[in-house]
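Inspection log for the structure reproduced underneath, given as structure tokens.
To find a chain, count down the sequence lines: A is the first, B the second, and so on, and within it residues start at 1.
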Protein chains: 2
Amino acid sequence: MAAGSKRQQIVNAADALFYSQGFAQTSFADIAAAVQISRGNFYYHFKTKDEILDAVIDKRLADREMLLAKWDETADDPARRIECFIKIVIVNQAKIMAYGCPVGSLVTELTKLDHASREKANQIMALFRDWLIRQFVELGCHADACDHALHVLSWSQGVATLAQTFKDEAFVQREVSQILEWLASIERETTRLQAISTKA
Amino acid sequence: MAAGSKRQQIVNAADALFYSQGFAQTSFADIAAAVQISRGNFYYHFKTKDEILDAVIDKRLADREMLLAKWDETADDPARRIECFIKIVIVNQAKIMAYGCPVGSLVTELTKLDHASREKANQIMALFRDWLIRQFVELGCHADACDHALHVLSWSQGVATLAQTFKDEAFVQREVSQILEWLASIERETTRLQAISTKA
DNA sequence: AATCATTTAGGACACTCGTCCTAATGCGTC
DNA sequence: GACGCATTAGGACGAGTGTCCTAAATGATT
């Protein structure tokens, strides 16, 4: 077992538990049971529950950055990359139906708790937003890039919430189809406008 | 002070606190302080915290039913009524930005708590869904009524979540404008189809 | 004025929580 | 084998929780 591995185990377990139960409802005892560690020993790795939360948020940030970087590599078309983002709700459908969106539900909870790390959690959402903006800019819609990015992000949050509420797989599929159609129309429109401006 | 008034005060205070702090994070002490009641006296009105939750959900259900009934009366065009629903995110903008959607956030929390009253809370969302379905049916789109209803509901949840995250008023306004445009296009399409079928 | 049901206050109860301390364990190095 | 460091286990601590009991207060009715 490498150095810091136990710490990482704790963060991983906390990450999963914060997602499935919520931050406030997850106790040291819960995490300790998951990692098979003494409850008292916790203090050695983390001084505070909030410290664990910060570590979890850092991990989630790093995970999402890696995911976005992978999409940046594998798909060279910005529209394809946005499609990757859209299709997370299908890829993670089971978990979303059970626990909602990991990012959205954390931000919501920390807001209600008026927690100091709320801003930090917001950065994950901001990460998605900024990445989406870059994609839409690259796609050609400079003026509307921010609007479109927030639209897609908002869409994903809505789908996640309703999927969790009604557990309706067909609904998720329909919404994905519709937003993909919307994305295609955006793509067509921008290429059309680009053709005009090039001609001029 | 009329009989049962104290009970109603408790439910009202709990309603507001559950919304702003969350159900689990609201203690008997919090509610007692809000209603200026002894903590021990609570047991006389409600045996259990879950009983208060059920009463709060009942109140929210009744409130929403009243709201929808009012819209049914005041607006005779189904599209107008749907517009009323859409514009709640503007009317309640301040509270939504602070605490999110009262319905969505409660369902999300109770799901993570694996709480027995989750189904009951879901009924509020189902109430909105069914009402929206009725409006879309009346508008003329029978086959797509359920899809459209869930689409609008999902949209509202997404907007609420992102409004709470980024506190961006302009974003809310844009999203409302876009969905109203979408609604208008639905309306045009159905009247067009109705004209064709009437002619045949 | 006395009675009685309704409503209230205050606190006991057992439990869980996050935090923190201390003694013991494991283990590589001299 | 002995030392020293990193890691662990176990439990103490006070605060806060939901629940529940009992005695006092209130107020309408007789």
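A cation-pi arrangement is absent between A/Lys87 and A/Phe85 under the rule of less than 6.0 angstrom and at most 45 degrees off the ring axis. Annotation: cation-pi pair B/Arg129/A/Phe166 present, NZ/CZ under 6.0 Å from the ring centroid and within 45° of its normal.
Using a 4.0 Å cut-off, some side-chain N or O of A/Tyr44 falls inside it from OP1 or OP2 of D/dT7.
At whole-Å resolution of the value, CD in A/Glu51 and P in C/dG18 are 14 Å apart. Distance A/Leu53 CG to C/dG18 C1': 14 Å, rounded to the nearest Å. Computed from coordinates, the B/Arg7 CZ to C/dT6 P distance equals 15 Å when rounded to whole Å.
Side chain of B/Lys167 to backbone of B/Met97: a donor-acceptor contact under 3.5 angstrom is found. A donor-acceptor contact shorter than 3.5 Å is absent between the side chain of B/Ser117 and the backbone of B/Asp54.
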Per-nucleotide protein contact string for nucleotides 12-29 of chain D, where B marks a base within reach and S marks sugar-phosphate only (heavy atoms under 4.0 Å, - for neither): B----SSSBB--------
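A salt bridge between B/Lys59 and B/Asp63 is present, with a side-chain N of the basic residue lying under 4.0 Å from a carboxylate O of the acidic one.
The aromatic rings of B/Phe23 and B/Phe18 sit perpendicular to each other, their planes meeting at more than 60°, with 30° as the lower class boundary.
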